[in-house]
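The figures here come from the full heavy-atom set of this structure, side chains too, leaving out hydrogens, waters and symmetry mates.
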Amino acid sequence: MKPKIAFFDFASCEGCQLSILNCEDILLDILNLVELVEFREAMSEKAPRYDIAFVEGSIHRDEDIGRIRDVRTRTTYLVALGACACNGNVQARSNFVAPAVNYAETYGEEARNRVQVDPDFWPLWAHTRVRPLDRVVHVDAYLRGCPTVPNEFLHLVTSLLQGTEPHFPPNAVCVECKKNENECVFEQNRTCMGPVIWGGCNAVCVNNGYVCDGCRGCLPHANIEAHVRLMRQYRISDEAIRSRYRLFLGFEPIARGV
Amino acid sequence: MDGANQTFSIDVNHITRVEGHGRIKINTRDGVVEEVRLCITEANRFFENFVKGMQPEEIPWIVSRICGICCVGHQMTATKAVEAALAIEPSEQTVLLRKMLTESQFIQSHVLHVYFLAVPDFMGAMSVLPLAKSHPEVVKRALRLKKLANDYTAVLGGRMLHPMSNTLKGFRKLPERHDLEQTLDRLRAAVPDLEETVRIAQTLKMPDYERETEYVSLKHPDEYALYDGEIFSSDTQTTVPVDHYLDVTNEFTVEHSTSKWSKWHRESYFVGALARFNNNFDMLLPQAKQAAADLGLRAPCYNPYKNTLAQVVETVHCTHNSIHMLEQILQYDLTEEDLGFTFRPGRGIGSCEVPRGILFHDYTFDQSGACSKANAIIPTSQNINNIERDMRAFVPQMLPGMSQEELKLKMEMLLRAYDPCISCAVHMLEVEFVG
Amino acid sequence: MKIKPTPQAANNSVYLPEMCTILETHDMTEQNKFFRVELSKPLQHKPGQFVMVSIMGVGEAPISISNGPTQQSILEMVIRRTGRLTRVLHDLDAGDTIGIRGPYGSGFDLNEFYGKDILFVAGGLGLAPLRSLITPVTQKADRFGRITIVSGARNPAEELYRDDLKTWDRIDNVTVLRLVDRTENMPWKFGVGLVTQPLPQLAIDPQNTLACLCGPPVMYKFVVMALSAKNLPAENIFVDLERRMKCGVGKCGHCQINHRYCCRDGPVFRLSDVANLPEALQ
Amino acid sequence: MTDSIASQKEIIGWIRDLAGSHPVFFPERHGKNSYRFQTVTHTSDIQFDHYRPSIVPPVKCIVPARESLLHFEKKADGRVLLDAPVDSSFRILAGVRPCDLKGLFLMDLFFADGIADPYYLTRRKNTFVIAYACPAACDEYAFCAAVDSLDHRNGADVFLTPIKGGDLLVTAITDKGAGLLAGVQLEACLDGPAKRIGAIAARPDAFGRSFQVNPTNLPAVIKKNWESPVWEKHVLDCFSCGTCNLVCPTCYCFDIHDDLNLDASSGTRHRTWDACMLPHFSAVAGGHNFRADPAGRQRHRIKRKFEYLPEKYGHGMVCVGCGRCGRQCTSGIDIFDIVTDLCAIGDQP
Ligand SMILES: Cc1cc2nc3c(=O)[nH]c(=O)nc-3n(C[C@H](O)[C@H](O)[C@H](O)COP(=O)(O)OP(=O)(O)OC[C@H]3O[C@@H](n4cnc5c(N)ncnc54)[C@H](O)[C@@H]3O)c2cc1C
Ligand code: SF4
Ligand code: SF4
Ligand code: SF4
């Protein structure tokens with residue numbers, strides 16, 4: 001029987017779902033292999049149970065927690081889709097600003113004062129803290145990156161179809177940089193997060209003339225101390241290093257500490 | 001059962017086939033509409049807040065994450081704003097490449113909206129999936145056009161979403177000549193698919209509702225304004241400079257909304273494809289004008305459902321305009337540019353049209369070299385006010401002859417016609433229809 | 001000048017498996033499944049060798065040959081469910097197809113064993129490869145000295161090849177010592193303890209005994225210590241080692257133990273050779 | 001072996017001509033500071049004067065970063081069809097420096113050893129090599145002389161030696177090489193050996209970096225160091241990123257994995273470059289990792305180059321001294337420094 005798959009989203013740009021819709025060449029093939037039961041971005045149907053749930057976005061509010069827990073109870077396998085779901089992505093940087101300040105910045109001083117004294121004030125804003133999914137529910141697999149990489153999505157789907165789990169080797173972006181024969185950006189007197197970042201994106205940013213900013217999250221074995229020393233050698237101030245780590249890695253322990 | 005003399009409440013939570021989370025609530029008592037509300041339930045990601053402290057070149061790259069489907073638009077607008085702040089003048093070559101990048105995303109976003117999000121409504125389908133079986137040729141054409149547009153974006157930007165090639169002053173990596181040539185060939189070959197798209201759009205039966213409002217878009221003396229121009233109002237028929245955008249958007253908070261709303265010369269205004277079409281019809285390429293004629297779309301048009309048709313017209317325009325731009329750029333070799341610049345503190349404002357309407361970004365940099373203040377006003381948050389007013393106007397008109405289900409569908413369709421991108425609405429908003 | 005390329009070598013790749021049909025499977029324990037596979041021709045293997053088993057689309061892994069050398073076109077294996085490939089293997093049954101290439105590795109040289117006392121020490125799944133040697137040895141038991149088989153399992157339910165152990169035990173010069181780490185409240189009438197436990201009591205003639213060990217990495221150190229205490233020279237001890245493998249033919253580099261390739265130079269090593277391989281028993 | 005003399009211009013013209021009818025790879029300038037072996041086209045910049053070892057060595061043309069080992073197709077009736085096509089296309093590697101030539105020569109041994117690897121060997125058989133002798137060290141990272149690869153010639157089909165006056169001594173080493181040169185008008189040279197000696201004499205005395213220890217004694221010195229503080233010292237800043245392996249002309253470890261097509265029945269078994277410095281290189285199912293600490297992996301890498309493989313194959317160091325790993329390591333960890341430290345310790349009584 002075809003596995004039932006469903007897509008859900010929380011705070012995100014929804015680009016990861018779009019990345020999958022963007023696999024035009026194979027979209028119809030995929031739909032032959034699975035039964036798509038929920039995909040709010042492209043369809044109106046809803047379903048009570050699914051085999052695989054792809055969840056995009058980070059968790060911010062109490063109501064998000066309720067909803068992701070509900071998804072977890074309905075699905076056999078839960079995949080964190082994209083950087084927001086895997087590690088909080090860019091918005092995790094807002095964790096470094098107190099919620100009241102966030103409101104004040106966006107909605108004015110008055111809002112700041114009220115949000116602090118009136119718990120019922122604009123409950124939708126009950127912004128707690130930007131968290132990746134696995135801080136709230138168990139996650140079975142991670143499709144990293146901002147946006148997610150279609151090839152990894154395919155590997156995941158074909159693995160599950162065959163009754164096994166996907167495997168994403170914990171190798172640095174540098175590996176793919178070498179396979180693409182890129183000149184290392186350090187060679188060009190620029191700095192890169194690649195050595196501590198989980199590869200799998202084919203080093204696409206370096207391939208296209210940029211550096212790696214680390215959207216796929218830190219490797220489990222990342223040698224952060226060495227990376228900070230390396231950045232300092234390139235005369236990057238500690239403050240700038242911290243800010244750099246807080247671009248995409250705001251939720252990683254390192255970004256809090258550097 | 002029609003809605004006359006009925007007491008009911010409709011609550012559509014998690015509206016489907018729109019980007020982001022929204023909710024429509026309608027309450028009627030004895031056939032009288034008591035309340036119509038549109039709530040946006042998307043969690044705020046506080047972009048304006050957390051970009052503070054970032055380096056100038058980081059900003060366009062990070063704020064593209066506001067929205068997946070509008071990522072190019074956000075990146076372009078932010079690039080222009082930061083360049084304005086730093087007094088960076090991009091070269092002609094850069095501007096041309098950026099215009100192509102912009103139009104590539106118009107094609108992809110409009111094709112996605114028309115085929116995946118809107119057409120199923122008209123064909124009575126819950127989604128595009130059943131159409132893959134019943135109308136495979138339609139779905140295959142949609143995928144073909146979308147793929148072309150996506151590949152076009154990737155050729156220029158490095159990848160389809162959150163492209164990294166464009167940066168302040170220019171491109172980190174220039175597109176390969178070979179890829180540009182191939183894109184040109186493919187765009188030319190796509191013309192029949194476009195004609196077919198127009199033909200399908202002709203068959204869509206648009207609900208017959210009109211409400212005249214203020215239409216706001218960029219306007220440019222030489223071209224159909226997408227990348228550049230000044231802010232134009234259909235009410236005054238004049239433009240104001242982009243730097244005065246705050247006078248246009250006049251954001252205000254309303255009791256039932258967590259977002260700021262916008263209004264200019266009247267209670268609400270419309271941004272997006274229909275506004276551009278109404279305001280800049282003359283600048284459309286002949287092929288696009290022809291498409292409009294084929295669709296029976298005449299400027300000015302006051303039926304918001306026809307925003308979808310205006311998107312079809314713009315798709316035709318962008319494709320033909322891209323063909324012209326590619327022909328132009330292929331006449332000379334692209335040159336690597338020095339992307340170095342000297343920093344200066346200051347404030348800069350940028351505006352572009354994105355598929356869903358006019359977009360503003362505003363950044364200030366202090367002496368430290370980092371961003372100290374940021375603001376972004378997104379088309380969808382400008383439109384929400386207008387959408388709710390459309391709903392309030394249409395629901396009483398529709399009620400007498402319509403079942404609850406139909407009414408619900410028509411409201412969803414109306415919302416979808418605006419192609420709202422709620423993820424973009426970094427300004428939070430809540431519109432409730434409770435009775 | 002136009003140069004003609006050397007013509008393409010037709011499908012003779014070492015990495016090309018033969019697709020074979022599974023004849024029989026049964027669950028031996030919760031994690032271990034027995035497979036009997038039909039080949040197109042006899043494997044011609046030596047005891048202790050292994051094959052690469054694959055499922056197309058999932059991957060490939062080294063698995064020990066568990067049956068003794070035979071003229072039949074049969075391959076027997078015990079596969080533990082641990083990862084990506086093995087979990088899919090566990091879903092297969094008689095009639096399904098898997099890829100096999102091999103046999104690979106050094107293996108045991110049966111000739112060396114004739115006339116000798118033999119001590120087998122098998123921990124858990126280690127009995128599967130050792131069975132490929134125990135089988136020919138017990139079939140011609142009269143040509144060997146005393147044969148002792150120490151077999152350890154985590155608990156009674158985890159014991160492999162129960163019938164074989166019984167059969168072997170019935171042979172005159174064969175002693176089978178069955179142990180479990182813990183009974184875990186299951187019926188068990190044999191020994192309780194680690195495989196090292198009975199070793200001090202064994203009468204071992206250091207000059208005329210060969211010992212073959214196979215089990216989890218932690219086992220070797222302690223068994224070797226116990227055997228050294230009995231003065232068994234390192235030349236007389238064989239260890240069957242396991243490493244990550246991709247190619248099985250000494251190329252991919254994953255299984256290297258210092259300068260040796262586990263797949264080519266092993267997986268069966270003489271302990272005296274391993275002495276200068278600090279990575280071997282760590 | 002025949003010698004002749006040609007100007008650089010003639011040789012460049014010859015390479016361009018070859019590129020008209022065959023894929024020819026030549027190290028071209030790339031990025032700020034690097035070179036890449038790239039297919040020669042009419043816009044290629046072909047010159048011999050400037051060079052730093054390319055980002056990845058030319059052996060990438062023979063073992064690409066990813067190649068297919070076999071295709072499979074599962075039929076509805078349960079049969080599985082397999083096909084293992086071997087790439088037998090033809091290519092020329094030109095401008096290969098002695099370090100990489102030695103690298104190729106060693107790779108030839110590795111892949112032919114034991115059960116031969118048809119993918120490598122078939123491509124290699126159809127690969128012609130035009131090598132070029134370096135007149136001076138390419139940069140401060142090179143130490144080819146210290147590991148005896150500077151004068152390596154085995155494995156080339158044509159060898160180009162720059163001689164006094166700027167011309168090139170063109171030596172057809174193999175019949176294949178002579179074939180490549182057939183039809184090219186070259187000035188015959190009768191004193192090739194003398195010219196070669198002259199070219200060597202004209203090189204700077206200190207050619208690149210050198211060790212305190214004679215190349216032939218290196219394995220013995222490295223062997224003494226199993227437990228050594230040197231290993232830890234040189235991984236303090238290591239990212240375990242594998243760059244040092246991936247850019248090495250004699251690293252050949254690979255991974256194999258399957259990719260299933262979306263028809264869920266056909267697909268390809270691929271082999272991709274792997275690296276023993278990567279953390280999971282020696283990890284097995286269940287989580288045990290036989291080389292879990294970076295120092296152990298670093299030791300393994302160094303010992304392979306300077307002890308294990310030299311002893312096994314008997315063709316000298318398996319590090320060819322190109323300097324790529326040190327040059328490209330983001331943390332500046334340099335195999336030359338590691339070996340120097342080991343030699344220093346080894347010298348202590
Ligand atoms: C010589 C030899 C004989 C073996 N005999 C048996 C046997 O008879 N029965 C049995 O159940 N197991 C045996 N193993 C172990 C078995 O190979 C692994 O359990 C198996 O590779 C796990 O593969 P996987 O895909 O399920 O696991 P994953 O963890 O998903 O591993 C992925 C890949 O890594 C490699 N790999 C992972 N673990 C190992 C490992 N322990 N050894 C070698 N490669 C590994 C394989 O290429 C494998 O496909 C043997 C190993 C070796 C080296
Ligand atoms: S550019 Fe970045 S990812 Fe690439 S090799 Fe250098 S440090 Fe690694
Ligand atoms: S190179 Fe870095 S920033 Fe770019 S996609 Fe990969 S992990 Fe993300
Ligand atoms: S290149 Fe450097 S950092 Fe990377 S694994 Fe090698 S020694 Fe370590």
Query - Contacts of B:F365 that satisfy ring pair (Phe, Tyr, Trp, His ring centres under 6.0 Å) - sequence neighbours left out - result: none
**Report entry** Contacts of B:Y363 that satisfy ring pair (Phe, Tyr, Trp, His ring centres under 6.0 Å) - sequence neighbours left out
**Finding:**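 So B:Y363 forms a ring pair (Phe, Tyr, Trp, His ring centres under 6.0 Å) with B:H361.
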Query raised in the report: What's the shortest heavy-atom distance between B:G53 and A:S243, and which atoms?
Result: O-OG, 3.6 Å
Query - Closest non-hydrogen atom pair between B:I69 and A:L18, with its separation - result: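 Closest heavy-atom pair between B:I69 and A:L18: CA-CD2, 3.6 Å.
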Query raised in the report: Below 4.5 Å, heavy atoms only, C-beta onward: do A:P147 and B:M160 meet side chain to side chain?
Result: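 Not touching, per the 4.5 Å side-chain cut-off.
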Query raised in the report: Got A:N22 and B:K147 here, is their nearest side-chain heavy-atom distance under 4.5 Å?
Result: no
**Report entry** Toward chain A, the part of B:Q108 with a non-hydrogen atom under 4.5 Å
**Finding:**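 The answer is the side chain of B:Q108.
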Query raised in the report: Can you say whether B:K140 sits under 4.5 Å from chain A via the side chain, the backbone, both, or neither, judging by heavy atoms?
Result: side chain
Hey, could you give me the [atom1]/[atom2] distance between [X] and [Y], rounded to the nearest 0.5 Å?
X      : Y      : atom1 : atom2 : value
B:D151 : A:E24  : CG    : CD    : 7.0 Å
A:E14  : B:C70  : CD    : SG    : 10.5 Å
B:Q55  : A:L247 : CD    : CG    : 9.0 Å
A:C205 : B:W61  : SG    : CH2   : 3.5 Å

Requested in this report: Would you indicate whether B:K373, at its atom NZ, is surrounded by more than 12 heavy atoms from other residues, nucleotides or ligands within a distance under 6.0 Å?
Outcome: no
Query raised in the report: Are there more than 12 heavy atoms of other residues, nucleotides or ligands under 6.0 Å from atom CD of A:E239?
Result: no
**Report entry** B:R65 (side chain) donor-acceptor with A:C146 (main chain) under 3.5 angstrom
**Finding:**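 Judged by distance alone, yes, a pair lies under 3.5 Å.
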Query - Under 3.5 Å donor-acceptor, B:K146 side chain and A:C23 backbone - result: no
Query raised in the report: Just checking heavy atoms, which of residues 165-176 of chain B are less than 4.5 Å from chain A?
Result: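 Counting heavy atoms that sit under 4.5 Å from chain A, the residues of residues 165-176 of chain B involved are B:S165, B:R172, B:K173.
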Query - Partners passing side chain to side chain contact (heavy atoms under 4.5 Å, CB included) against A:T148 (at least two apart in sequence or in another chain) - result: A:C16, A:S19, A:L81, A:L143
Query - When A:N207, A:D25, A:L31 are compared by non-hydrogen pairs under 4.5 Å with chain B, the top option - result: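 Greatest number of close heavy-atom pairs with chain B: A:D25.
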